[in-house]
Amino acid sequence: MAEQRVRNPWGQGERLRLEILEAAARLLSELGGEQGLTIRGVARAAGIAPASIYQHFADKSALVKGLIDYDYEQLSAAMSAAEEQCPEDAPLDRVRAQMKAYCQFALDSPGHYRLMINNRPVSRTGPLIGIVRQMIEGFERCERAGVRLRIPPQRAAVMVFVGTHGRVALWHASEDPTHAHAILDFVDELVSLVTE
């Protein structure tokens with residue numbers, strides 16, 4: 001049973017929303033998928049009454065949508081943090097770091113990754129497109145820095161992203177932990193295919 005939480009001060013409802021999403025994320029990690037995710041279970045994990053969740057999410061489907069958005073924010077932040085650990089003058093390493101962070105998220109949080117990919121239609125403005133845009137910007141920086149690309153930055157980004165995404169999907173289909181390291185190596189191979 002979760003500890004009783006201390007109420008947020010008046011006017012800090014957004015903080016409660018974040019706590020609900022964090023509790024849902026922890027629960028999803030334990031369950032491995034959204035099937036067992038319930039409003040009551042999330043409320044218990046957050047140490048609040050179920051009615052408190054309905055102030056922020058109309059139903060389970062709205063909660064799942066909120067969790068997907070939250071996960072995309074976490075993934076995007078992880079990719080940006082990985083990129084920033086590389087020197088500015090190593091743009092190709094920065095691209096590799098972003099894609100490896102993408103893979104690491106998928107390996108470390110398979111339930112979250114499946115939820116994001118299986119429940120979000122690809123649209124021109126959705127968060128998945130935002131991830132691809134990060135990659136396009138990375139390859140554009142490479143080109144400006146003098147890294148020779150075999151194809152235009154946009155196509156290079158899409159090719160590397162789709163190839164990485166497909167490799168992760170294969171791992172998810174087998175979930176053989178002995179092959180996890182091969183996914184990160186695969187990123188290096190893909191990037192080398194689009195550069196000269």
Side-chain angles (χ1 to χ4, degrees), residues 14 17-18 21-22 25 28-29 65-196:
E14 191 56 33
R17 184 178 190 282
L18 181 59
L21 289 171
E22 288 171 347
L28 180 68
S29 292
K65 181 189 178 306
L67 183 55
I68 291 168
D69 291 341
Y70 173 81
D71 281 340
Y72 268 111
E73 288 170 15
Q74 300 301 308
L75 172 57
S76 181
M79 290 174 68
S80 293
E83 176 188 19
E84 288 166 11
Q85 290 180 3
C86 297
E88 285 276 339
D89 62 352
L92 205 51
D93 288 344
R94 292 170 74 90
V95 167
R96 286 187 191 101
Q98 282 192 49
M99 285 317 299
K100 287 180 180 183
Y102 176 89
C103 293
Q104 203 60 59
F105 180 91
L107 296 171
D108 293 344
S109 308
H112 293 266
Y113 186 76
R114 284 190 203 104
L115 181 72
M116 291 163 56
I117 299 306
N118 295 337
N119 286 284
R120 181 62 71 133
V122 176
S123 72
R124 290 168 136 342
T125 59
L128 190 59
I129 296 303
I131 299 294
V132 174
R133 281 198 189 110
Q134 278 182 260
M135 299 307 304
I136 293 170
E137 289 167 10
F139 277 110
E140 286 173 344
R141 280 192 302 272
C142 287
E143 195 172 57
R144 284 193 302 271
V147 175
R148 293 176 54 94
L149 301 175
R150 293 178 188 272
I151 53 180
Q154 183 170 354
R155 287 181 52 209
V158 170
M159 182 178 288
V160 169
F161 177 78
V162 169
T164 301
H165 176 69
R167 184 63 185 89
V168 167
L170 288 173
W171 182 84
H172 275 268
S174 69
E175 283 198 14
D176 182 351
T178 60
H179 292 113
H181 70 281
I183 294 174
L184 301 179
D185 294 341
F186 186 73
V187 169
D188 292 327
E189 294 168 6
L190 274 175
V191 170
S192 72
L193 289 175
V194 298
T195 56
E196 291 184 3

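This structure is a prediction, so every number in the text was calculated from the model and none was measured.
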- Nearest heavy-atom approach of L67 to L21 is N-CD2, 3.6 Å
- Item | Where C103 and V168 come nearest, the two heavy atoms and their spacing | SG-CG2, 4.0 Å
- Message: So, using side-chain hydrogen bond (donor to acceptor under 3.5 Å, both in side chains) as the criterion, who are the partners of S76 when residues are at least two apart?
- Response: Q134
- For atom CZ of R150, is the number of surrounding heavy atoms from other residues, nucleotides or ligands below 6.0 Å larger than 12? yes
- Message: Under the criterion side-chain contact (heavy atoms from CB on, under 4.5 Å), I'd like the reasoning laid out for V160 against F139: C-alpha separation, chi angles, the key distance, then a yes or no.
- Response: CA-CA 10 Å; V160 169; F139 277 110; 3.8 Å; yes
- Distance from F105 atom CZ to M79 atom CE, nearest 0.5 Å? 11.0 Å
- Quick one: side-chain contact (heavy atoms from CB on, under 4.5 Å) partners of E73, sequence neighbours excluded? none
- Query: Which residues pass the side-chain contact (heavy atoms from CB on, under 4.5 Å) test with E143, sequence neighbours left out?
  - Reply: L149, P153
- Message: Is it the case that over 12 heavy atoms from other parts of the model lie below 6.0 angstrom from the CD atom of Q154?
- Response: no
- Item | Partners meeting side-chain hydrogen bond (donor to acceptor under 3.5 Å, both in side chains) with Q104 (sequence neighbours left out) | D108
Could you tabulate the donor-acceptor pairs under 3.5 Å formed by side-chain atoms of residues 93-101, not counting sequence neighbours?
residue	atom	partner	partner atom	Å
D93	OD1	R96	NH1	2.9
R94	NH1	E83	O	3.3
R94	NH1	C86	O	2.8
Q98	NE2	E83	OE1	3.1
Q98	NE2	E83	OE2	3.3
K100	NZ	D188	OD1	3.1
K100	NZ	D188	OD2	3.0

Return a table of donor-acceptor pairs under 3.5 angstrom between the side chains of residues 189-196 and protein atoms on other chains or two or more places apart.
residue	atom	partner	partner atom	Å
S192	OG	E189	O	2.7
T195	OG1	V191	O	3.1
E196	OE1	R148	NE	2.9
E196	OE1	R148	NH2	3.1

- Message: As an exercise, state the distance from OG of S109 to CG of D71, rounded to the nearest 0.5 Å.
- Response: 7.5 Å
- Message: The criterion is salt bridge (Lys or Arg N to Asp or Glu O under 4.0 Å); which residues satisfy it with R144, sequence neighbours excluded?
- Response: none
- Task: Sequence neighbours left out, what pairs pass ring pair (Phe, Tyr, Trp, His ring centres under 6.0 Å) with at least one residue falling in residues 78-104?
- Result: Y102-Y113, Y102-F161
- Message: So which atom in A182 and which in R167 form the shortest heavy-atom distance, rounded to 0.1 Å?
- Response: CB-NH2, 4.0 Å
- Roughly how far apart are L184 CG and L107 CG, rounded to 0.5 Å? 6.5 Å
